[in-house]
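These notes are about the structure you will find just below.
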Amino acid sequence: MKSGKEYRESLRKLRPEVYYLGEKIDSVVDHPAFAPHVNAAALTYDMALAPEFEELLTATSHLTGEKVNRFTHIHHSHDDLVKKVKMLRAIGQQTGSCFQRCVGHDGLNAVYSVTYEIDRKKGTEYHRRFIELLKKVQSEDLMISGAMTDPKGDRRLSPSQQRDPDVYVHVVERKSDGVVVSGAKMHITGAVNSHGHLVMPTAAMKQEDADYAVCFYVPVDTPGVIHIFGRQTNDTRKCQCFLDQGNVDYGMVGGEALIVFDNVFVPWEHVFMCGEYEFAYELVERFATAHRQNYGGCKTGLADALIGATYALAQVQGTDRASHVRDKIVEMVHLAETLYCCSIACSCQGYALPAGSYMADPLLANVTKLNVTRHIYEIARLAHDITGGILATAPSENDWKDPRVGKYVDKYMRGVAEVPAETRIRLIRLLESMTCGTALVESMHGAGSPQAQRIMIERRANLEHKKRLAEKLAKIGEQPLFVC
Ligand code: SF4
Ligand code: FE
């Protein structure tokens, strides 16, 4: 297994094409805009080597019997599913931000099980190929992005009906040694600081969309793979100041990018679905279930740090004993622990797939994520309520350091007399970075937008069964009592 330092060194050896603010980036690892995301991902390596986290962050490979980082492991029990959630909470508590590596982990698990089933039905050899990639990922401890969301163009139209065929990733040419693909994937977490991308279809496909039912792996610096890094709220602070960043080490969210595939060649050994459109939905649902299972883990870890910051700030401001503040902090804990309950429950209710791997219960995983879209906003709202308007109006670090006005900032930013103003400013900035702008949007749309969860919940709800329960209780269909 790699350390965080070795992970950084391995990234320095790669040459991905990355753009940010109109500039081509030479080294992602050494640029301040990307450093927090690299740091957060690096922690998934360092914590695996720390004895106190070994049980959560490592596992035994079912392929080689070797000890591997859990982010490269295929779940083979309920215990694996539960440990994943606990691992995510433990890391989220340390980073207070997204650490990105889970997306590829979920992709690995989804593709592992679906390729097995495609091969059984179609006589293909995707699973064997995928196992070779998996062995490499495990032995080299690679960080893989999970690239699912296409730009989608006109939402009324299916992939093959779009005027621009590239709004969904698709095969443009089949060759004897591989395929050529074009298109793009959007909002891809950790894309620029991954070693490679696992690309999956984004939705159910019909026969006419067969060219869009494609799943493959590409190293991050493959020719024709172009990364355009997304803007985040207050992102220029990363290059301008220290204190005002808030979460200086780990940033605000995962660091998402638009990945363009401009006629990219993929050898057959890295192709894991090519035209088997009837398996596209299954792959989407397995990946979505795995990633939605996570959100009561990582977000609860973040919420732990967020609640801690709010509580500490209330103490610094002298409001911590006010009954309404205590009540609101209890409410924040209640909301966070509800999310954790959801993630643990969908893990415990998980089951084995034909390939022998395990997945979480899809209905409960979707409920988990749908709750995240509400509870994290409510937790943030309560943090804003307790913090006060100063969250939006605090003077800058530069003014605090200014020889003329700095003393006024220091004097008037102080809360209780015993605590320096700097403590209050640091906590305010941390809360700002964790609850304002991009950070919240990730809770809404990461792992799929709320409507995507509602669709899967409806599919799994078994409303007819519920109706039959009611009809039995109401004795519908039995001998009529009243005859008109
Ligand atoms: Fe992992 Fe959470 Fe980030 Fe998704 S949002 S990649 S589950 S830390
Ligand atoms: Fe996410």
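Predicted model only: the values in this text are computed from it and were never measured. Order of appearance sets the numbers: ligands from 1, and atoms from 1 within every ligand. Note that the numbering runs from 1 along the sequence shown for the chain.
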Requested in this report: With rounding to the nearest 0.5 Å, note down the distance linking CD in Glu276 to CD in Glu282.
Outcome: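 Output value for this atom pair is 14.0 Å.
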Is the Tyr126-Phe279 ring centre distance short of 6.0 angstrom?
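Distance test on ring centres: not under 6.0 Å, no.
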Requested in this report: Check whether NZ of the Lys or CZ of the Arg Arg101 lies under 6.0 Å from the centre of the six-membered ring of Tyr45 and within 45 degrees of that ring's axis.
Outcome: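 The answer is yes; both the distance and angle limits are met.
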ask   = Short check: any N/O/S atom of Cys102 below 2.8 Å from atom 1 (Fe) of ligand 1?
value =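 Here the distance criterion (N, O or S atom, under 2.8 Å) is met by Cys102, so yes.
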Quiz item: Is the closest heavy atom of Leu88 to ligand 1 under 4.0 Å?
Solution: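 No heavy atom of Leu88 comes that close to ligand 1.
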State the atoms of ligand 1, each with its element, that fall below the 4.0 Å cut-off from a heavy-atom position in [X].
X      : answer
Asn294 : 7 (S)
Tyr295 : 4 (Fe), 5 (S), 7 (S)
Cys98  : 3 (Fe), 5 (S), 6 (S), 8 (S)
Val103 : 6 (S)

| query | Out of Gly146, Gly301, Ala40, Cys298, who gets a non-hydrogen atom closest to atom 2 (Fe) of ligand 1? | reply |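 Shortest heavy-atom distance from atom 2 (Fe) of ligand 1: Cys298.
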- Measure from atom 4 (Fe) of ligand 1 to every heavy atom in Glu442, His291, Lys299 and give the option owning the shortest one.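 Result: the heavy atom closest to atom 4 (Fe) of ligand 1 is in His291.
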Checklist entry - Got a donor-acceptor contact below 3.5 angstrom from the Ser182 side chain to the Asn263 backbone? => result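 Yes.
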Discussion item. Consider side-chain hydrogen bond (donor to acceptor under 3.5 Å, both in side chains). Of Lys2, His195, Lys5, which one does Ser10 pass it with?
Written reply: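 It is His195; the other options fail the test.
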For this session: Verify side chain to side chain donor-acceptor pair (under 3.5 Å) between His75 and Asp79, making sure each step is shown before the conclusion.
Result: CA-CA 8 Å; His75 314 297; Asp79 191 48; over 6 Å; no
